[in-house]
*Asks:* 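Quick one: the structure is below, and I'll ask about it shortly.
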Amino acid sequence: MPVVTTTPSGQPESGATLTRWTSWAEAAAAADAAKPTHVQGPTRGSVSRQSAAEDPVTSVPHAIAVEVPLAPMASPSETSAFRRARPTTADVIADTPMPDFISSPGLFVKEQKPRPVGGFRGAIYNLTGGAWNVGPGAKQRQEEELGRRISRQLQGSYNTAVLSLKGGIGKTSTTVGVGLTLAEYRGDAPCAIDANPDSGDLVERALGEGIYQQSSPRTISDLLRNIDSIDSLTALARYMHHAGRLHLIAGEQDPEVSDSLTAEEYLRIRRLISAYYSVALTDCGTGVTHNAMRGILQSADNLVIAAGYAVSGAKRARSTLHWLASHGYEELARNAIVVITDKDEVSSRVDKDAIEEHLAGICRELIAVPHDRGVADGDLVTLDVLKSETRRAYKEIAAAIVDGYR
């Protein structure tokens with residue numbers, strides 16, 4: 001707006017525009033609406049006050065003369081537009097992305113270290129009442145990782161066949177030990193099927209022979225005779241035996257009957273089991289050429305090949321893998337898990353490292369089970385009496401089996 005200045009006599013200077021304001025509101029509006037022509041005065045935004053007595057003609061009560069700022073002032077419309085454009089608190093909150101409390105719970109809660117169990121770390125935790133938690137050691141973390149792999153949720157039903165070309169080298173004990181381990185860590189109960197044509201003893205090794213004989217000794221043959229009438233897990237349970245959470249189907253004890261199990265009959269059982277169990281283990285007995293073996297291999301998702309540290313045991317394990325690869329089961333052979341059980345505690349003349357190296361290159365994974373009287377005696381297999389190294393080996397086998405379910 002034009003700058004209004006006065007002479008010492010109180011009159012406007014030549015060329016100055018006479019402006020009358022009746023209130024502060026009008027003065028402010030006029031200042032906002034007018035454009036500056038020049039700047040006067042030594043300071044920016046200074047105000048010169050003039051009383052009505054000094055200039056009775058041009059002055060009104062509360063009249064002021066304003067020096068124009070250096071920068072142009074915004075008009076009322078521009079000021080209103082700016083106010084409308086400036087985001088409100090509600091706008092800021094609405095535009096801020098909502099944190100995902102489900103996938104990112106750690107945004108607001110500090111992650112708690114797992115409790116250490118045993119050892120020096122566990123002792124510190126217990127002595128301080130949990131005030132000092134240095135976290136678990138490497139061994140405990142490895143054990144927990146194995147547990148996570150074993151307990152992985154599965155979509156569908158899977159079957160692992162446990163076989164060998166030689167008896168007495170830990171095939172059935174491996175099936176029981178791994179089955180009990182799966183039952184310990186998985187949320188769903190696993191099932192183990194005795195398809196051994198030579199009077200298999202899977203259930204006896206899991207329950208103990210005395211308990212099995214006292215119970216109703218229903219076998220796989222009984223299940224086959226009534227399979228068409230089984231339409232629920234409750235009906236199926238009548239033909240099952242239970243070692244804790246491990247459910248088992250007993251093999252036929254009469255060799256003449258057990259050897260008659262065909263591939264088609266096994267596949268019927270496998271289809272029934274797949275409706276109620278996500279993980280099944282099949283104890284195949286020795287050999288790969290008996291009647292049911294075609295159905296077992298056809299429905300298997302992966303294999304466990306039992307072997308021993310004796311030279312003959314290692315050679316038979318290799319022969320098994322070679323036979324599979326040359327008879328249309330190359331994928332099963334390539335992804336097989338070879339388990340070497342030190343059942344007989346062989347002499348120092350046997351080079352265990354050489355045997356492991358001999359087998360490791362022709363399978364997906366090789367796992368050794370140490371010598372353990374709880375396995376070697378050929379009696380009841382329970383996890384509680386096994387050495388920690390043996391239990392760890394069974395956990396590794398169980399984790400490798402579940403890893404193979406894709």
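Because the structure is predicted, anything quoted here is derived from the model rather than measured.
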*Asks:* Look at the side chain of R270 and the backbone N and O of A280, then say whether any donor-acceptor pair between them is shorter than 3.5 Å.
*Replies:* no
*Asks:* When you measure from the side chain of N159 to the backbone N and O of D301, does any donor-acceptor pair fall under 3.5 Å?
*Replies:* no
*Asks:* Would you say L248 and D194 make side-chain contact, with heavy atoms under 4.5 Å?
*Replies:* no
*Asks:* I'd like to check L324 versus L297 (side-chain heavy atoms, cut-off strictly below 4.5 Å). Are they in contact?
*Replies:* yes
*Asks:* Any side-chain donor paired with an acceptor under 3.5 Å for T175 and R205?
*Replies:* no
*Asks:* Begin with the C-alpha distance, continue with both residues' side-chain angles, and end with the deciding distance and a verdict on side-chain contact (heavy atoms from CB on, under 4.5 Å) for L146 and E396.
*Replies:* CA-CA 7 Å; L146 284 175; E396 291 177 350; 4.1 Å; yes
*Asks:* Distance check, rounded to the nearest 0.5 Å: S157 atom OG versus Y405 atom OH?
*Replies:* 8.5 Å
*Asks:* Between atom SG of C191 and atom CG of L272, what is the distance when rounded to the nearest 0.5 Å?
*Replies:* 9.0 Å
*Asks:* For the backbone of L386 and the side chain of D372, can you confirm whether one donor and one acceptor N or O come within less than 3.5 Å of each other?
*Replies:* no
*Asks:* Evaluate the criterion salt bridge (charged side-chain N to carboxylate O under 4.0 Å, His left out) for residue pair R364 and D403; output intermediate values, then yes/no.
*Replies:* CA-CA 11 Å; R364 173 164 62 91; D403 286 346; 5.4 Å; no
*Asks:* Contact between S299 and L267 at the side-chain level, heavy atoms closer than 4.5 Å - yes or no?
*Replies:* yes
*Asks:* For a 4.5 angstrom cut-off between non-hydrogen side-chain atoms, does P370 reach D342?
*Replies:* no
*Asks:* Quick check for you: to the nearest 0.5 Å, what is the distance between S326 atom OG and L321 atom CG?
*Replies:* 10.5 Å
*Asks:* Determine, stepwise, if the pair R392 / E389 fulfils salt bridge (charged side-chain N to carboxylate O under 4.0 Å, His left out).
*Replies:* CA-CA 5 Å; R392 170 63 182 265; E389 294 84 357; over 6 Å; no
*Asks:* Taking the side chain from H327 and the backbone from W323, do they hold a donor-acceptor pair closer than 3.5 Å?
*Replies:* yes
*Asks:* Do side-chain atoms of R245 reach the backbone of Y185 as a donor and acceptor pair under 3.5 angstrom?
*Replies:* no
*Asks:* Which atom names give the shortest non-hydrogen contact between V338 and A307, and what distance separates them?
*Replies:* CG1-CB, 4.3 Å
*Asks:* If you compare all heavy atoms of A300 against all heavy atoms of A161, which two are closest, and at what distance to 0.1 Å?
*Replies:* CB-CB, 4.3 Å
*Asks:* Can you confirm whether E184 sits close enough to K395 that some side-chain heavy atom of one is under 4.5 Å from a side-chain heavy atom of the other?
*Replies:* no
*Asks:* State the CD1-OH distance between I249 and Y239, to the nearest 0.5 angstrom.
*Replies:* 11.5 Å
*Asks:* Quick check on side chain to side chain donor-acceptor pair (under 3.5 Å): which of T174, N196, T172 does D283 satisfy it with?
*Replies:* T172
*Asks:* Given E265 and R268, is the salt bridge (charged side-chain N to carboxylate O under 4.0 Å, His left out) satisfied, shown in steps?
*Replies:* CA-CA 5 Å; E265 289 173 333; R268 293 185 69 190; over 6 Å; no
*Asks:* Carefully, step by step, assess E330 and R334 under the rule salt bridge (charged side-chain N to carboxylate O under 4.0 Å, His left out).
*Replies:* CA-CA 6 Å; E330 185 176 357; R334 182 185 303 111; 3.2 Å; yes
*Asks:* How about V385 and L380: do any of their side-chain heavy atoms sit closer than 4.5 Å?
*Replies:* no
*Asks:* Looking at E144 and R141, does any basic side-chain N land under 4.0 Å from a carboxylate oxygen?
*Replies:* no
*Asks:* Quick one about N302 and T160 (side-chain donor to acceptor, distance below 3.5 Å, no hydrogens or angles considered), yes or no?
*Replies:* yes
*Asks:* In Å, rounded to the nearest 0.5 Å, how long is the span from CD1 of I227 to CG of L236?
*Replies:* 9.0 Å
*Asks:* Testing V304, L202, V176 for side chain to side chain contact (heavy atoms under 4.5 Å, CB included) with V162, which one passes?
*Replies:* V304
*Asks:* State, with a plain yes or no, whether a side-chain heavy atom of S164 is found less than 4.5 Å away from one of R316.
*Replies:* no
*Asks:* Are any non-hydrogen side-chain atoms of L233 and Y277 less than 4.5 angstrom apart?
*Replies:* yes
*Asks:* Has the side chain of R186 got a donor or acceptor atom that lies under 3.5 Å from a matching backbone atom of V279?
*Replies:* no
*Asks:* Within the distance-only criterion (no hydrogens, no angle test), does the side chain of H290 pair as donor or acceptor with the backbone N or O of L261 below 3.5 angstrom?
*Replies:* no
*Asks:* Working to the nearest 0.5 angstrom, can you tell me the gap between T282 OG1 and M293 CE?
*Replies:* 9.0 Å
*Asks:* Identify the two heavy atoms, one from S173 and one from V381, that lie closest to each other, and give their separation to 0.1 Å.
*Replies:* CB-CG2, 4.3 Å
*Asks:* For the side chain of K387 and the backbone of G374, is there at least one donor-acceptor N/O pair under 3.5 Å apart?
*Replies:* no
